[in-house]
Structure formats: C-alpha cells, structure tokens
Amino acid sequence: MSTTAPPLRTALPVHTRLEGAVPDVERAVIEPILDDLERLKRERNAVILAHNYMTPDIFHGAADLRGDSLELARLAAETTADVIVMAGVHFMAETAKILSPDKTVLIPDQRAGCSLAESITGADVRALRERHPGVPVVTYVNTSAEVKAESDITCTSSNALRIVESLGTDRVLFLPDRYLADWVASQTDVEVIAWDGACEVHERFTAAELDDLRAADPGVSIIAHPECPPDVLGAADYVGSTSQMTAWVREHRPDRVVMVTECSMADNVAQESPDTDFVRPCNMCPHMKRITVQNLRTALETMQHPIDVPADVAARARSAVQAMLDAS
Ligand code: 13P
Ligand code: SF4
C-alpha cells in the first residue's frame with residue numbers, strides 16, 4: 001500500500017491538471033487563468049506555495065509547492081525563486097518573509113487573516129511573561145510576526161507536543177490556541193498554561209455531531225485537526241495536522257471517512273483516493289477562501305501585496321521559527 005504523496009499536477013500540461021478535481025464547466029474558465037499563471041511564474045521567477053485548505057483549482061492546478069504550516073515554512077526557507085506567492089493566509093506569508101527576507105513575498109488578498117492570529121498581540125505576550133517569569137513561551141505559527149518576536153519558539157499542529165517537550169521545563173506558556181494547548185496537555189506531564197484563542201472554523205464542530213455520524217454509520221472513520229474542542233478530539237480515531245490527516249487516509253484507505261476540518265481538505269484528498277467516500281460535515285475558513293486563481297494571477301501581474309516585516313521584528317521572530325525548524 002503506497003503512503004507516498006502523488007506527484008504535483010503542475011508537472012502536467014494545464015489542460016489535464018484539473019481532471020477529476022474540478023467540474024468540466026469550471027475547467028473551461030479556470031484553465032486559461034492557469035495558462036496565464038504559468039507564463040507569469042516564468043517571467044517573475046515565482047513559485048506559488050499553497051496550503052492544504054486551498055480549493056482544488058489552486059491545490060491541483062496552480063500550486064508549485066504545497067503542504068501544512070510546517071511544510072510551507074520549510075519550503076519557503078528552501079526555494080530559490082525570487083518571488084513567493086502565498087496561497088494561504090497572512091501569517092503564512094509573514095512566516096515565509098521572515099525565513100526569506102531577501103525574497104518578495106506576495107499575499108493576493110490582505111484580508112486573508114486568522115481568528116487565532118487576531119486573538120493575541122505582542123503586548124499580551126509581554127504581560128504574560130511578567131505574570132509567569134522564567135516560563136518559556138511556545139507560540140503556534142498561527143500568529144503575527146510581532147507575537148512570534150516575543151516568543152522563545154514556535155510550533156505547528158504537527159510538532160506541538162515535540163516542541164513543548166524539547167524545552168525540558170516543567171511548565172510552558174502555550175499561545176494562543178486553547179484547544180491545541182488542551183490537546184498537548186492531555187499527552188504530556190509538562191504543565192501547559194494556555195491563552196484563550198480559538199480557530200473560528202474548528203471550534204464550531206461538536207462531539208454530538210460526531211456521535212450522530214457514528215450512530216448512523218458505525219464503520220465510519222473520524223479524523224480531526226487538533227484545533228477542535230477536546231470532546232471532538234476524544235470522539236476521533238486520529239488527530240493530526242492537515243498533512244498528517246492526508247497521510248492517514250493514504251495509509252489506511254478507509255471506506256468512509258470524516259475529515260473534521262476545513263472543507264477543501266476532503267475535496268483535495270478525494271482526488272487521490274477514489275475508493276474512499278468522504279462524509280461531511282466540514283466547515284469553511286472564510287480567510288483561506290479569499291484566495292482565488294483570479295487574485296493569484298492579479299498578484300503576479302501587479303506584484304501586490306508585498307509582505308513587509310520590520311527588520312528588528314523579523315530578526316526576533318526568525319529566531320523563534322528557526323528554533324522550531326531546528327527542533328523538528
Ligand atoms: P496545519 O498546520 O495543520 O496545516 O494547520 C493550519 C491551519 O490553519 C489549520 O486551521
Ligand atoms: Fe485560522 Fe482557523 Fe482559518 Fe486555519 S482554519 S486559518 S486556524 S481561522
């Protein structure tokens with residue numbers, strides 16, 4: 001049974017990339033835009049980095065590199081392109097800029113935010129440090145550069161437990177997702193002091209919803225993202241980052257699976273898993289959905305909107321992100 005990711009479709013001619021992933025009537029509109037994107041990428045020496053929550057036309061048709069937050073950070077640090085266009089949300093573009101300060105990093109829509117990133121400021125982190133002197137600050141990457149700059153180390157959903165335990169302390173401040181903090185705390189002896197942030201997409205799932213699904217279909221597999229509330233995670237068969245959830249489906253080939261996360265995940269994974277039935281519910285992230293093939297094209301035509309992080313903030317944020325990459 002193969003657990004390897006299928007090759008990127010951007011290696012294929014544009015007219016075949018969207019086969020099986022996007023309805024034919026939409027392909028007729030999207031394929032000319034993908035042609036434009038290929039030309040613009042060549043002219044600008046640009047790459048499109050796409051998060052797993054992008055719609056299938058972007059994920060299968062436009063992305064040069066794709067993954068979860070940790071993979072996108074690594075890829076941003078490694079690419080030799082001059083321009084990175086982030087098909088994701090603002091904090092992901094900022095992380096790319098922090099790791100590649102000499103590159104131009106574009107976000108096609110500046111309103112692509114994140115409820116977690118908006119829940120905390122740098123001043124909040126400084127105040128927490130005063131209340132808990134000497135306790136290290138572990139910060140989820142779903143935060144602004146300013147918040148990362150006040151942190152000792154960052155983490156993502158795929159490495160949060162490892163990062164917390166790597167510090168060798170009895171207590172950590174873990175910011176800003178209270179549910180990811182709960183999830184980590186449930187698996188470690190380290191005392192986890194949480195902030196009160198939440199993802200507006202994942203906090204909407206309920207355990208009652210999952211119980212109803214299991215009652216209707218006892219054979220269904222349920223896999224969830226750790227930004228969900230604890231009772232939802234308790235009802236899941238597996239908990240992992242977006243790429244870890246994809247890998248789980250690839251490895252286990254369930255007959256039926258609920259991916260308790262953002263809706264595009266199931267759409268994207270379905271294309272490589274024709275024998276699996278992807279059962280809903282899912283919830284849509286309005287911020288991720290601000291990115292479209294149309295505004296990716298505009299971003300490369302106009303070179304809008306460049307990410308700018310003040311040099312002193314970037315340097316301090318980089319050391320927290322680099323500490324994570326070194327520990328992962
Ligand atoms: P991942 O790092 O698991 O891709 O999560 C990013 C995110 O925004 C989830 O809501
Ligand atoms: Fe933020 Fe949640 Fe959207 Fe991810 S899904 S970008 S955590 S609001």
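Each ligand, and each atom within it, is numbered from 1 in the order the structure gives. These figures come from a predicted structure and were not determined experimentally.
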Inset, instruction - Could you tell me whether the side chain of Asn295 and the main chain of Thr298 form a donor-acceptor pair under 3.5 Å? - result: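 No, because the side chain of Asn295 does not come within donor-acceptor range (under 3.5 Å) of the backbone of Thr298.
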Legend entry - Check: Leu300 main-chain N/O paired with Arg44 side-chain donor or acceptor under 3.5 Å: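 Checked: pair present.
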Legend entry - Numbered atoms and elements of ligand 2 in range of Glu227, under 4.0 angstrom, heavy atoms: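 What qualifies from ligand 2 is 2 (Fe), 7 (S).
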Legend entry - Electrostatic pair Arg27:Asp24 at N-O distance under 4.0 angstrom: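 Salt bridge flag = yes for Asp24 with Arg27.
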Legend entry - Salt bridge flag under 4.0 Å for residues Glu94 and Lys97: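 Salt bridge between Glu94 and Lys97, a charged N being under 4.0 Å from a carboxylate O: no.
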Inset, instruction - Answer with side chain, backbone, both or neither: which part of Asn142 has a heavy atom less than 4.0 angstrom from an atom of ligand 1? - result: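 Side chain only.
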Inset, instruction - Indicate, as side chain, backbone, both or neither, the part of Gln244 found under 4.0 angstrom from ligand 1 when only non-hydrogen atoms are considered. - result: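 None of Gln244 does.
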Inset, instruction - May I ask you to test the Glu227-Leu116 pair for a side-chain heavy-atom distance under 4.5 Å? - result: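 They are in contact (side-chain heavy atoms under 4.5 Å apart), so the answer is yes.
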Give the atoms of ligand 1, by number and element, whose distance to some non-hydrogen atom of [X] is under 4.0 Å.
| X | answer |
| --- | --- |
| Asp68 | 1 (P), 2 (O), 4 (O) |
| Ser69 | 1 (P), 2 (O), 4 (O), 5 (O), 6 (C) |
| Tyr53 | 7 (C), 9 (C), 10 (O) |
| His202 | 10 (O) |

Legend entry - With Glu262, the side chain to side chain donor-acceptor pair (under 3.5 Å) member among Lys289, His202, His225: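 Looking at Lys289, His202, His225, the match for Glu262 under the side chain to side chain donor-acceptor pair (under 3.5 Å) is Lys289.
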Inset, instruction - Decide, based on the SG atoms alone, whether Cys263 and Cys282 are under 2.5 Å apart. - result: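 The sulfur gammas are closer than 2.5 Å, so yes.
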Legend entry - Between CG on residue Leu37 and CZ on residue Arg42, distance to nearest 0.5 Å: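 The CG atom of Leu37 sits 11.0 Å away from the CZ atom of Arg42.
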Inset, instruction - Would you mind checking which non-hydrogen protein atom is closest to atom 5 (O) of ligand 1, with the distance to 0.1 Å? - result: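 For this ligand atom, the closest protein heavy atom is His225 NE2, 3.3 Å.
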Inset, instruction - Evaluate the side chain to side chain donor-acceptor pair (under 3.5 Å) criterion for residues Thr156 and Ser158: first the C-alpha distance (whole Å), next the side-chain angles of each, then the deciding distance (0.1 Å), finally the verdict. - result: CA-CA 5 Å; Thr156 73; Ser158 66; 3.0 Å; yes
Going by heavy atoms, is [X] under 4.0 Å from ligand 1?
| X | result |
| --- | --- |
| Thr156 | no |
| Glu262 | no |
| Met245 | no |

Inset, instruction - Measure across Pro108 and Leu296 and return the closest heavy-atom pair with its distance rounded to 0.1 Å. - result: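 Pro108 and Leu296 have their closest heavy atoms at CG-CD2, 3.6 Å.
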Inset, instruction - Going by heavy-atom distance to atom 1 (P) of ligand 1, choose the closest among Cys114, Ala73, Gly88, Ser157. - result: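 Closest candidate by heavy-atom distance is Ser157.
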Legend entry - Sum of protein N, O or S atoms, each under 2.8 Å from atom 3 (Fe) of ligand 2: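 Protein N, O or S neighbours of atom 3 (Fe) of ligand 2 under 2.8 Å, waters not counted, come to 1.
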Inset, instruction - Report yes if Glu227 has an N/O atom closer than 3.5 Å to an N/O atom of ligand 1; otherwise report no. - result: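 Such a contact does occur with ligand 1.
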Legend entry - N or O contact, Ser241 vs ligand 1, cut-off under 3.5 Å: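 Ser241 vs ligand 1: no N/O contact under 3.5 Å.
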Inset, instruction - Just do the side chain to side chain donor-acceptor pair (under 3.5 Å) check on Thr261 and Tyr53 with the steps written out, would you? - result: CA-CA 9 Å; Thr261 189; Tyr53 290 163; 2.7 Å; yes
Compile the donor-acceptor pairs under 3.5 Å between side chains in residues 187-195 and protein atoms, sequence neighbours left out, one pair per line.
from	atom 1	to	atom 2	distance (Å)
Gln187	NE2	Trp183	O	2.9
Thr188	OG1	Glu165	OE2	2.7
Thr188	OG1	Val190	N	3.2
Glu191	OE1	Arg171	NE	3.2
Trp195	NE1	Ser119	O	3.0

Legend entry - Other residues, nucleotides, ligands: >12 heavy atoms within 6.0 Å of Asp170 CG: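 No - once you tally the heavy atoms of other residues, nucleotides and ligands closer than 6.0 Å, there are 12 at most.
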